[in-house]
Amino acid sequence: MWRKFLFLCFAKIALNAAQVDIYALDAKKEGDILTAKNDVVIFSDFYFITANKAIYNEKSGDIELFGDVNILRGQNERSHSNYAKINLNSNEAYFNNFFFSNNNLEVWFQSKKSYLNDKIFESDISAVSSCNVEDPDWEIRFSKGWLNRKNNFVHLYNARLYVKDIPVFYLPYFGFSADTHRQSGLLVPKIILKRGEGLYYEQPIYIATDENWDLQFDPQIRTNRGFGLYSTLRFVDSPYSMGELNFGGFREKYSYYRKENLKNKTHAGIELKYIRDDLFKSLLGDNFQEGLWIDGIYINDIDYFNLSSKDTYDLNSLVTSRVNYFLADENNYYGVYGKYYIDTSKLNNKSTLQEYPSFQYHRFLNNLFDERLRYSFDATFHNFYRQVGPYANQINLELPISYHNAFFNDLLHFTFTENLFASFVNYTHDPRKDHEHYFQNTHSFNFYTDLSKNYGYFFHTLNFGLEYSLLGAKSGNISENYLEESTTQKDDQINFYTIQYFYNDLGQKKIKHKFNLEYLNKKQHFNQLKNLITYYYNDYINLSNETFYSYREQRFTNVINQIELSSNFDFNLNFSHAYQNNEYGKYNFIGTHANYIITPNYNLFGGIWLDTQRSHANMWEFGYTFQRKCWNYSLMYRERIDPQLTSAGITAKNQSGVYFVFNFYPIGGIKYDFSLTETENKI
């Protein structure tokens, strides 16, 4: 009758002091061998197992499992098979008809025969995928493979990719990471066929052996042009600092170098980006703030950027390096700056004006005798230098003193500001002058108010003011303006401004409006009008307009219009218009981009960017994306015209083609450009 009741057996394993509890409806023990049948449940320190039958050797620690075998190993690992043999002392296991998954992995495995221990997982005649187990969209079938359980890297031999039951490609060996943690290895290569440069192949190599840094090499070859190597080192050198170092170069073939009449046969460069917010402040106290920012670059010509695979560069003939440092407390600000320019349009950089070092001291707004009387102070020193041509250094001093008061129960506010400004310039290698100076003071009267009212169904806030700036005494003259912006005022000026917001009864912002109008008193005409208005129709639609009008030039200098339509469900549309007509040039662009989710799997998109000033489309594209949990693909047609600056001059490059991108998560994917045409015209 003892077979009719629940049998409980406790077995002590001496090697690892683990305890095994076995529950079954039918069990028998002979010596060191325990045989359990019918609804077998097994517990240990590391396993939870269910099976139809189990044979446990208490002496060796081996347990054989038969039938419907389900195993939970630790907190993340689960498996299913019809036969398993596990050694509870060493955690070695053998399986037949095995399914294996782990919460730390992005894929699952199925195999005929498998072997598992704490270091590796091996399997024969198997399949791996990240899709649904019952009917996977794709899977990789292989004859032999293994998983490194330390770094979760998968190695497969005789790998065949199947989409449903259709074979797509075969590789004698294929490896990929099934882990989301970063690790060293090869990244997805880039392969493009270019008309003028031949086959372009780039194979990124990623090295990540430490948590505080990683290194990426991007070797490339262009069969008709040459070869190169670009590198990126990213690092965190302290809890309050981080940086990135980019360096590399490209070597031209002699035939291409002569044919294109290039400036240099080798294009090389080095870049450093670094930020740090604690150099000395920990020694000074908690009331200090500090920051160091370095954005430095040195290149021998602009082709260093053109040949890099990065798309983040702003291709401009003037390459700028910057170093900024500041230290501040609640009252004072100290700054040290430097700028170095490389003008790649010149044969050499000797005549390019540099700016280093620059110093700044700023005293934040503080009370003077009374809280209604306030002042601040700003002093800057700029050193300009170049090897060939005149240069100078300049000191600017500015002291605004203001008086503030409120009247009629804070309805009307009044501020009077007396601003004192002085500038001193010393010139070097300028035969016309040695030094210059300029003094000026201005009187500013500002009347303004801040109103708000609840109308029941909407809430309105309004801030408007009238400021009159009157030129006082002035003397001297600065004939050369090395600084990008001058702080001196040229005329008496009246400025009317207003800022207002409208909110509905739910507190949602509906309208934002900013208006500013400048009037030059001595010249007796308006100077510039600025107007910004945004209308928030609902959570999905908003319209905005930003307009600048110059009365001196008698034209609109900047106009930007934008309409945004968004939906939580299936549709997004952005339409924008940008117009500029000032001393920097005349531009007129219209752009739109739409995205429509047809079904949860299909996404249709398209866009066009028109240069109406030059009557051509800078870029247009349309396509669609198919998205599933474990894979996706995109098919797109695109035409694009890009102006590019090369050593041989400025060119306009027209690229058009069909782009097909597919990705199997998490093993990666391929981007393929076909029907690609590329033409290049010199400007």
Side-chain angles (χ1 to χ4, degrees), residues 177 181-190 200-222 226-252 263-282 290-327 335-344 349 352 354-358 644-647:
S177 174
H181 299 89
R182 62 179 192 146
Q183 55 187 307
S184 302
L186 299 179
L187 302 181
V188 178
K190 296 180 180 179
Y200 166 63
Y201 177 76
E202 181 181 277
Q203 176 58 70
I205 304 170
Y206 185 66
I207 301 174
T209 59
D210 190 273
E211 292 183 355
N212 295 328
W213 64 268
D214 59 53
L215 178 63
Q216 182 174 329
F217 293 106
D218 297 310
Q220 61 166 277
I221 183 171
R222 302 170 190 245
F227 59 91
L229 173 65
Y230 287 81
S231 306
T232 300
L233 172 66
R234 291 167 286 260
F235 59 91
V236 177
D237 60 321
S238 74
Y240 33 80
S241 60
M242 60 188 299
E244 179 179 303
L245 178 66
N246 298 282
F247 53 95
F250 188 90
R251 181 71 172 176
E252 302 279 5
K263 179 181 176 182
N264 296 298
K265 193 173 182 180
T266 299
H267 318 290
I270 184 169
E271 307 165 75
L272 174 64
K273 298 181 186 295
Y274 184 75
I275 186 170
R276 187 183 183 104
D277 61 11
D278 188 351
L279 279 176
F280 309 110
K281 75 173 186 178
S282 58
E290 186 180 30
L292 171 66
W293 177 53
I294 300 175
D295 186 2
I297 181 170
Y298 179 82
I299 62 173
N300 66 339
D301 66 34
I302 201 70
D303 277 333
Y304 169 81
F305 291 149
N306 292 329
L307 294 163
S308 171
S309 60
K310 290 187 177 181
D311 296 327
T312 56
Y313 298 116
D314 181 14
L315 298 183
N316 192 299
S317 61
L318 193 65
V319 180
T320 305
S321 297
R322 298 177 177 88
V323 178
N324 294 339
Y325 171 79
F326 80 90
L327 179 68
V336 181
Y337 319 109
K339 291 183 180 180
Y340 184 82
Y341 304 96
I342 300 175
D343 193 342
T344 59
N349 210 47
T352 304
Q354 312 296 342
E355 184 182 348
Y356 60 85
S358 295
Q644 290 197 350
L645 183 64
T646 68
S647 302

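Note that the coordinates shown come from a computational prediction; the quantities given were computed from them, not determined experimentally. Residue numbers start at 1 and run along the sequence shown. These values consider heavy atoms only, across backbone and side chains, with no hydrogens, waters or symmetry-generated copies.
- In this structure, Tyr340 and Tyr356 have tilted ring planes: the angle between them lies in the 30° to 60° band.
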Exercise for review: Could you please spell out the steps behind the side-chain hydrogen bond (donor to acceptor under 3.5 Å, both in side chains) verdict for Asn246 and Glu244?
Suggested key: CA-CA 7 Å; Asn246 298 282; Glu244 179 179 303; 3.0 Å; yes

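- Asp295 pairs by the salt bridge (charged side-chain N to carboxylate O under 4.0 Å, His left out) definition with Lys273, not counting sequence neighbours.
- Ring geometry, Phe280 versus Tyr325: the interplanar angle exceeds 60°, so the pair is classed perpendicular (tilted spans 30 to 60°).
- Lys265 pairs by the salt bridge (charged side-chain N to carboxylate O under 4.0 Å, His left out) definition with nothing, not counting sequence neighbours.
- Rounding to the nearest 0.5 Å gives a distance of 12.0 Å between OH of Tyr341 and CG of Asn349.
- Of the inter-residue distances, the one linking Asn300 atom CG with Lys263 atom NZ reads 7.5 Å to the nearest 0.5 angstrom.
- For Asp214, the salt bridge (charged side-chain N to carboxylate O under 4.0 Å, His left out) partners at least two apart in sequence or on another chain are Arg182, Arg234.
- Under a 3.5 Å cut-off, the side chain of Glu290 and the backbone N or O of Leu279 do form a donor-acceptor pair.
- Contacts of Arg251 classified as side chain to side chain donor-acceptor pair (under 3.5 Å), with partners at least two apart in sequence or in another chain: Thr266.
- Expressed to the nearest 0.5 Å, how far CD1 of Ile275 lies from CG of Asn324 amounts to 10.5 Å.
- The closest side-chain heavy-atom distance from Arg322 to Tyr337 is not below 4.5 Å.
- Expressed to the nearest 0.5 Å, how far CZ of Phe247 lies from CD1 of Ile297 amounts to 14.0 Å.
- Atoms CG and OG, on Leu215 and Ser184 in that order, are 9.5 Å from each other to the nearest 0.5 Å.
- The side-chain contact (heavy atoms from CB on, under 4.5 Å) search around Tyr201 returns Pro189, Ile191, Gln203, Ile221, not counting sequence neighbours.
- With contacts defined as side-chain heavy-atom distances shorter than 4.5 Å, the pair Leu307/Glu252 qualifies.
- Of all the heavy atoms in Ser231 and Phe217, the pair that sits closest is OG-CD2, 3.1 Å.
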Check your understanding: Can you check side chain to side chain contact (heavy atoms under 4.5 Å, CB included) on Tyr274 and Ser241, steps first, answer last?
Key -> CA-CA 8 Å; Tyr274 184 75; Ser241 60; 3.4 Å; yes

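- Taking CG of Asp277 as the reference point, atom OH of Tyr240 lies at 9.0 Å (rounded to 0.5 Å).
- Within the 4.5 Å cutoff, side-chain heavy atoms of Ile270 are placed close to those of Leu245.
- Qualifying salt bridge (charged side-chain N to carboxylate O under 4.0 Å, His left out) partners for Asp237, counting only residues two or more places apart in sequence or in other chains: Arg276.
- For Tyr230 (side chain) and Tyr304 (main-chain N/O), a donor-acceptor pair under 3.5 Å exists by modelled atom type.
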